[in-house]
Amino acid sequence: MTILDQVSRFLADQPPVLLQGLAGVVVLLGLAAAIAAVLPLLKPEKSYVELRLRISSWWVMVALLAGALLAGWPATVAMFALISFLGLREFLSLAPTRREDRFAILAAYGVLVASYGFIVADLYMFYLVFIPVWVFLGMPFLMAMLGQTRGYLATAATFHWGLVTCVYNLGFAAFLMRTPTVEALPAGAAGLVFFLLLATEFNDVAQYVWGKLLGRHKILPTVSPNKTWEGFLGGWLSAGLLIWFVGPVFTPLSGLGLAIMAVVLPVAGFAGDVTMSAVKRDIGVKDTSHAIPGHGGVLDRADSLTFTAPLYFHLMALYALDRF
Amino acid sequence: MSFLRSLLLILIFRPLALFMTGADVANRERLPLKGPAIIAANHSSHVDTLLMLAIFPSKALRRLRPAAAADYFLRDPVIGWFSRRVIGIVPVARAKAGSGEDVLAPAREALAAGDIVLVFPEGTRGEGETDEMGRLKSGVARLAEAFPDAPVIPVWIQGAGRVLPKGEVVPVPLNCAVLVGEALHWDGSRPAFMDTLRTALLALKAEAPPLRWRDG
């Protein structure tokens, strides 16, 4: 059997809707690249290096995530574990910790491994309580055992904030992959994750584009000086419409559940963005690293996802999925 | 042996350094690709050397030779073999400095052979986990004087002292930033050259992401 046959058989086994969705993303990105190529001809006085870097990075991110989604749940869970690791490493590197906290930092990575272990083992109830209850208690206990009480409460809170956002919340996106096939899913479990990523990132990009086009009135100048009301409202409307009209194609949501998702998810994306901005401002950095050219760090890209992933998961569980 | 060295560095050290530090490099294009050239970096951890070996473009990697203390890295045969053959160090006999013996001879030979020599002018890793720069030793100026055409590239490495501080054995994954500065050239005077280098390193440090400790 040639490689071509193997590829076509592999693709034939995938839900056709998922493939169409991925093809749609490729078309959208191609369109963005075309616009970025034409813009310098229309307005040659501006620099478009940043925009081109951004789009190039999007190609890489889309290729990696699409590859993982098509390869199945183990690859997708591994991909999100990697995203969580990179995000947590960025956060722990920038957040103020104490010299005695080296062991607590190692323990935080151990929590990441255990938490994703529950996803691999498909132990939903263990996953749900592990970080919010047991790590919440265990890490401060460990830190007390390290014997240093200077700055204790603030450091314990810092660790918990990092673990919940980077590991627990992002992990919900990975847990969607464990939705059993017996449930009526229009594009399989991968379709659920695909639409979460699509809606979240579409909202990010729509807010950015509306802000660039029409932005006049600053929404939160002390936290995130580039955010405007026009960007927020434009993004909300665009992403809301996308969820309402395209959501049923990839997810089993309909009616009230879909309406709530359409209204709330864009706001959660905005909230994640602004919250991470406040953290970055407090730490005194603009970007969490330079891991993704044109975008900044992994946390700069995944900030909205840390809020939308648990929201999407729980609305899905409430209105559509029997498993959770 | 050089082939084995490249293989180990690219297949094992590079992924390891990426995992432990993220290797967040600013202005990578300023790294020299051919010798003779001198890289002068601050020093807070063994991770510094690992990180520099990891970020160097593969084709220039065989030219990169970290200067390292002979009394520390050649103290026993196993570490000595590893230091010489894998890390590719040029030994500096710190203990013999000031005795009249030319402790920089191996570094000079390497530069004469067209290698890129990585030096840590602080002479040793900084104490504890402070990110302050220690006093710079003037050996780097003597090398620059001997090779006035070789560019001296200042590099600031931020955060390596947190990944593996002096005295610790277990490294902890945390992001490190590597800021590569613009090449300096020998200007005819050792004190003036050391001043320029110090200023360049501190300017890079000021651009690095903050390294904050919670002090209470």
Closest heavy-atom pair and its distance - B/Arg162, A/Ala95: NH1-O, 4.2 Å

Verify the neighbour count for atom OH of A/Tyr152: are there more than 12 heavy atoms of other residues, nucleotides or ligands below 6.0 Å? yes

Top contributor to chain B interface from A/Asp101, A/Leu88, A/Asp282 [non-hydrogen pairs under 4.5 Å]: A/Asp282

Above 12 or not: heavy atoms from other molecules or residues under 6.0 Å from CG of A/Leu153? no

Examine whether an atom of B/Val170 lies under 4.5 Å from a heavy atom of chain A, and if so say whether it belongs to the side chain, the backbone or both; otherwise answer neither. both

More than 12 heavy atoms of other residues, nucleotides or ligands under 6.0 Å from CD of A/Gln148: yes or no? yes

Can you tell which of B/Pro173, B/Pro210, B/Gly159 has the highest number of heavy-atom pairs within less than 4.5 Å of chain A? B/Pro173

Are there over 12 heavy-atom neighbours, none belonging to B/Arg84, within less than 6.0 Å of that residue's CZ? no

For the atom pair CG (B/Asn175) and OG1 (A/Thr288), what is the distance rounded to the nearest 0.5 Å? 8.0 Å

About how many Å separate CZ of A/Arg102 and CG of B/Leu174, when rounded to the nearest 0.5 Å? 8.0 Å

Distance (rounded to the nearest 0.5 Å) between A/Ser289 OG and B/Asp24 CG: 4.5 Å

Quick one: which of A/Val285, A/Ile105, A/Thr158, A/Thr97 has the most heavy-atom pairs under 4.5 Å with chain B, could you say? A/Thr97

Using heavy-atom distances under 4.5 Å, tell me whether A/Phe85 contacts chain B through its side chain, its backbone, both, or neither. side chain

Donor-acceptor contact present, side-chain B/Arg214 to main-chain A/Arg99, <3.5 Å: no

Sort A/Thr149 into side chain, backbone, both or neither according to what part of it lies under 4.5 angstrom from a heavy atom of chain B. neither

Measure A/Ala154 against the heavy atoms of chain B and call it side chain, backbone, both or neither at under 4.5 Å. both

Toward chain B: residues of residues 48-60 of chain A with heavy atoms under 4.5 Å: none

Quick one: side chain to side chain contact (heavy atoms under 4.5 Å, CB included) partners of B/Ala141, sequence neighbours excluded? B/Trp186, B/Arg190, B/Phe193, B/Met194

